[in-house]
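Below, chain A is the first sequence line, B the second, and so on; all start at residue 1. As the structure is a computational prediction, the values presented were derived from the model and not from experiment.
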Protein chains: 4
Amino acid sequence: MTQVDTQPLRRRTQAARREQSDRRMLRAAAYLIGRRGLHATTLAEIGVRAGYSSGLPVVRYGSKFGLVDTLLAAMDRWCETTVASMTGGRRGLDALKARAEAYIIGARTIPDGAAALQTIIVEARYAFPELQPRIDAFLERWRLGFRDDLLDARRLGEVRSDLDCDAYANLILGAIRGMTIGRFGEDLREVQRELPPLLCEMVRQALALPSA
Amino acid sequence: MTQVDTQPLRRRTQAARREQSDRRMLRAAAYLIGRRGLHATTLAEIGVRAGYSSGLPVVRYGSKFGLVDTLLAAMDRWCETTVASMTGGRRGLDALKARAEAYIIGARTIPDGAAALQTIIVEARYAFPELQPRIDAFLERWRLGFRDDLLDARRLGEVRSDLDCDAYANLILGAIRGMTIGRFGEDLREVQRELPPLLCEMVRQALALPSA
Amino acid sequence: MTQVDTQPLRRRTQAARREQSDRRMLRAAAYLIGRRGLHATTLAEIGVRAGYSSGLPVVRYGSKFGLVDTLLAAMDRWCETTVASMTGGRRGLDALKARAEAYIIGARTIPDGAAALQTIIVEARYAFPELQPRIDAFLERWRLGFRDDLLDARRLGEVRSDLDCDAYANLILGAIRGMTIGRFGEDLREVQRELPPLLCEMVRQALALPSA
Amino acid sequence: MTQVDTQPLRRRTQAARREQSDRRMLRAAAYLIGRRGLHATTLAEIGVRAGYSSGLPVVRYGSKFGLVDTLLAAMDRWCETTVASMTGGRRGLDALKARAEAYIIGARTIPDGAAALQTIIVEARYAFPELQPRIDAFLERWRLGFRDDLLDARRLGEVRSDLDCDAYANLILGAIRGMTIGRFGEDLREVQRELPPLLCEMVRQALALPSA
DNA sequence: CATGAATGAGTATTCATTCAT
DNA sequence: TATGAATGAATACTCATTCAT
């Protein structure tokens with residue numbers, strides 16, 4: 001019986017150590033990448049800021065690419081969960097508005113993470129071309145979310161039946177990205193206040209039925 | 001007499017040589033920066049690709065910062081000229097549409113330059129913080145252009161009188177930037193076809209008078 | 001009473017486990033060192049390839065030096081045993097021929113071990129200078145073996161009485177080493193076919209009595 | 001005329017600087033590699049020992065591989081020249097003896113270079129597999145030299161007509177390599193004294209005509 | 001006995017910049 | 001004006017070793 005109890009305990013403890021250092025390092029990575037940029041952020045810095053040695057990041061993630069890949073995957077999951085909970089039970093334009101808000105809210109809830117995400121999306125293009133598929137998938141998921149909301153809205157009769165949902169989904173995502181990019185750490189709060197109602201207005205007016 | 005004649009001649013020749021090497025190096029810089037990113041592009045590469053030695057860029061511009069600064073200033077001037085000629089004689093929404101088209105057209109006319117511009121705007125934030133004022137000024141000029149067009153349109157009665165021109169100018173510029181960013185070298189033509197009419201439609205419908 | 005019985009049993013089991021992991025790790029070490037070289041082989045790899053954790057090699061041997069030292073000692077013993085059994089009952093040139101064959105046969109019987117041995121002999125000079133005495137002793141034992149065979153042959157009248165046995169022992173060992181070094185994993189079979197008869201011929205003709 | 005004179009002068013001076021640093025760095029590399037081994041020798045050390053900065057070796061040779069490749073090529077040329085001058089005008093066994101002496105003499109003339117050469121031949125197998133073709137070519141040239149000497153000796157009637165020249169060339173080269181390997185910096189002088197006459201004796205007795 | 005998390009010193013490589021020509 | 005040789009600081013990555021479990 002001792003065996004049965006100690007084995008899992010040991011494993012739980014080792015796993016816990018690993019999990020904790022994992023969390024800390026990803027948090028430190030997001031903090032630093034969002035502030036100094038992907039290139040200027042050192043693996044050693046990340047390890048030290050997380051409270052560990054300079055070598056741990058490489059031991060854990062194998063390489064800088066591995067760390068960024070892991071970080072991106074974690075943030076991807078976080079976005080997925082947040083968006084799902086915010087758009088749950090909503091449909092059409094209502095869901096679209098919630099989805100847009102989720103993007104902004106992410107930046108408010110975990111500003112470090114959001115800043116790092118934007119930076120990685122932009123800098124990784126040159127630094128880690130192998131990461132592009134994951135980045136594209138991330139953006140595509142957002143785009144498809146907006147598109148499906150618009151398609152749903154069309155089905156519900158909230159917008160004109162001839163609306164080019166794909167094009168408008170692009171426009172919406174582009175606007176959100178274009179307005180938040182490179183503006184972390186400064187006047188993001190302003191964007192948070194301005195952008196959602198603006199999009200709502202645009203959505204209501206530009207996409208609504210001619211009669212509306 | 002020989003002195004008097006040769007000196008100016010020499011000077012003219014020297015100036016011409018300088019001008020030519022200048023043009024070539026900035027062109028090479030735009031080409032490389034747009035493709036590999038600001039950080040991955042080395043001064044030596046730029047010099048060699050321009051057909052000169054690896055050391056010339058530093059001799060000419062003093063430092064990497066100096067080169068990027070010069071390049072940015074040149075592209076700024078180019079944008080200014082293009083926009084002025086395209087919006088010349090137009091007012092209100094008509095001018096706004098032309099201005100938006102100018103942004104896209106720039107990417108079509110000098111794709112290397114446009115790609116480099118986007119890259120610099122994003123990467124310089126971390127690499128050359130001293131460059132930020134110039135970048136901000138560049139973007140601000142675009143934003144003010146759109147804002148003034150909207151204000152003009154409001155004065156002309158083309159849009160609602162309570163329109164938040166500043167906010168919409170931000171939205172428009174953000175959409176343009178967000179949709180073109182990181183998409184150079186691939187499907188930019190698609191953006192060129194889609195974006196301008198989309199913005200036109202949005203402008204027409206979202207900003208128009210309620211009666212329209 | 002339970003104590004008295006289980007203790008030895010446990011110990012025997014522990015000893016067996018230790019012995020098995022020992023065998024496996026040395027085997028894995030030989031395999032990897034022979035293939036990738038001493039420097040490129042990591043302790044972690046050895047542990048994992050042996051079917052254990054990455055940390056076991058250090059726990060068992062204390063350090064990389066300790067492992068190599070142990071491995072070398074084991075191979076030394078193996079050589080000693082093999083040579084003894086192959087030269088047993090023989091004398092003079094007959095024994096010399098058998099000894100030379102033993103060197104080659106080792107490479108055929110345990111190719112991984114032979115390759116690792118060669119690699120260690122060469123790389124350890126720089127990596128583990130402290131190991132040099134053991135290496136020198138190993139080579140010296142071979143040299144002395146050949147020398148004694150030659151001295152015996154001289155006593156038996158098989159070779160000229162003025163033969164420099166030390167010098168020729170060096171030559172023979174050198175030839176064997178020089179022809180096998182760095183050729184593991186490739187055309188060693190060719191060497192196995194060629195070298196022994198060649199040495200035999202040389203031994204027979206070069207060292208034989210002038211009259212022969 | 002000034003042009004005509006200064007241009008070459010400038011070029012000669014720059015080229016001279018380059019040539020000098022080249023010579024110094026290769027010399028320093030040979031010295032260090034022969035003493036500490038290929039792996040333990042640092043590019044920075046090489047640069048500093050040559051009297052330059054730690055970064056110059058990479059700037060000049062691109063990488064550690066590039067440096068070793070260059071060094072090997074230089075030593076290859078040196079060997080070629082030395083062997084050619086020493087065997088010039090000789091034939092058969094006489095040429096073979098001179099060739100064997102050249103190998104040893106090289107170690108006496110440029111002991112650092114010879115030691116580095118041996119080390120590189122052995123260590124590069126694992127560290128720089130891409131270098132293997134050059135190494136093989138180097139060894140093959142020696143082997144072919146000995147073989148051709150033997151073939152010539154056979155033609156001249158100096159040795160038995162059924163002699164396996166390829167096999168014996170292997171044996172001779174193997175013996176030379178096996179007896180010098182890993183013995184640089186210590187008792188190489190002894191080898192220098194012992195080996196050539198030993199090979200001569202072997203050649204004379206083992207390869208000679210039965211009647212001789 | 002065995003695992004695996006964490007350390008930290010060492011090294012090849014990059015490249016903006018300086019400087020001799 | 002232009003070349004290119006030389007500098008040196010910065011950083012990703014490796015891995016033997018320590019230590020907690």
Tell me: CE of A:M25 to C1' of E:dA5, nearest whole Å? 10 Å

Residues at least two apart in sequence or cross-chain that pass ring-ring contact (aromatic ring centres under 6.0 Å, His included) with C:F128, listed by chain then number, are C:F65

All N/O donor-acceptor pairs, side-chain side in residues 47-58 of chain A, below 3.5 Å, sequence neighbours left out:
{"residue": "A:S53", "atom": "OG", "partner": "A:G55", "partner atom": "N", "Å": "3.4"}
{"residue": "A:S53", "atom": "OG", "partner": "A:L56", "partner atom": "N", "Å": "3.4"}

Pairs counted only when both distances fall under 3.5 Å, Watson-Crick or G-U: show me the 5' to 3' dot-bracket for DNA chain F, [ ] for pseudoknotted crossings and | for other-strand partners. .||||||||||||||||||||

Side chain of A:R60, backbone of A:R18: donor and acceptor closer than 3.5 Å? yes

How many Å lie between CZ on A:R36 and P on F:dA10, as a whole number? 13 Å

Separation of atom CZ in C:R18 from atom P in E:dT3, rounded to whole Å: 14 Å

If the condition is side-chain hydrogen bond (donor to acceptor under 3.5 Å, both in side chains), which residues does C:Y61 pass it with, not counting sequence neighbours? C:D22

So that I can tick it off, tell me whether B:R27 and B:D112 are bridged by a salt bridge, with the cut-off set at under 4.0 angstrom between side-chain N and carboxylate O. no

Tell me every residue that passes side chain to side chain contact (heavy atoms under 4.5 Å, CB included) with B:Y126, counting only those two or more places apart in sequence or in another chain. A:T119, A:E123

At under 4.0 Å, does any side-chain N or O of D:S21 touch on OP1 or OP2 of F:dA5? no

Just by modelled atom types, is the B:R36 backbone N or O under 3.5 Å from a matching donor or acceptor in the B:T41 side chain? no

Using whole Å, what does the distance between atom C1' of nucleotide F:dA6 and atom CD of D:Q20 come to? 13 Å

What is the distance, rounded to the nearest whole Å, between atom CZ of C:R24 and atom P of E:dC1? 16 Å

Is there a donor-acceptor pair closer than 3.5 Å between any side-chain N or O of D:T42 and the backbone N or O of D:E45? no

From E:dC1, F:dT1, F:dG4, nucleotide with atom closest to C:R60 side chain: E:dC1

Nucleotide by nucleotide, 5' to 3', does protein get under 4.0 Å of the base (B), only the sugar-phosphate (S), or neither (-) in nucleotides 7-14 of chain E, counting heavy atoms? BB--SSBB

Length of the line joining C:D22:CG and E:dC1:P, which is rounded to integer Å: 11 Å

How many Å lie between CD on B:E45 and P on F:dG4, as a whole number? 16 Å

Using a cut-off of strictly less than 4.0 Å, decide whether B:R17 has a side-chain nitrogen or oxygen near OP1 or OP2 of F:dT1. no

CG of B:L72 to CD1 of B:I120: how many Å apart, nearest 0.5 Å? 5.5 Å

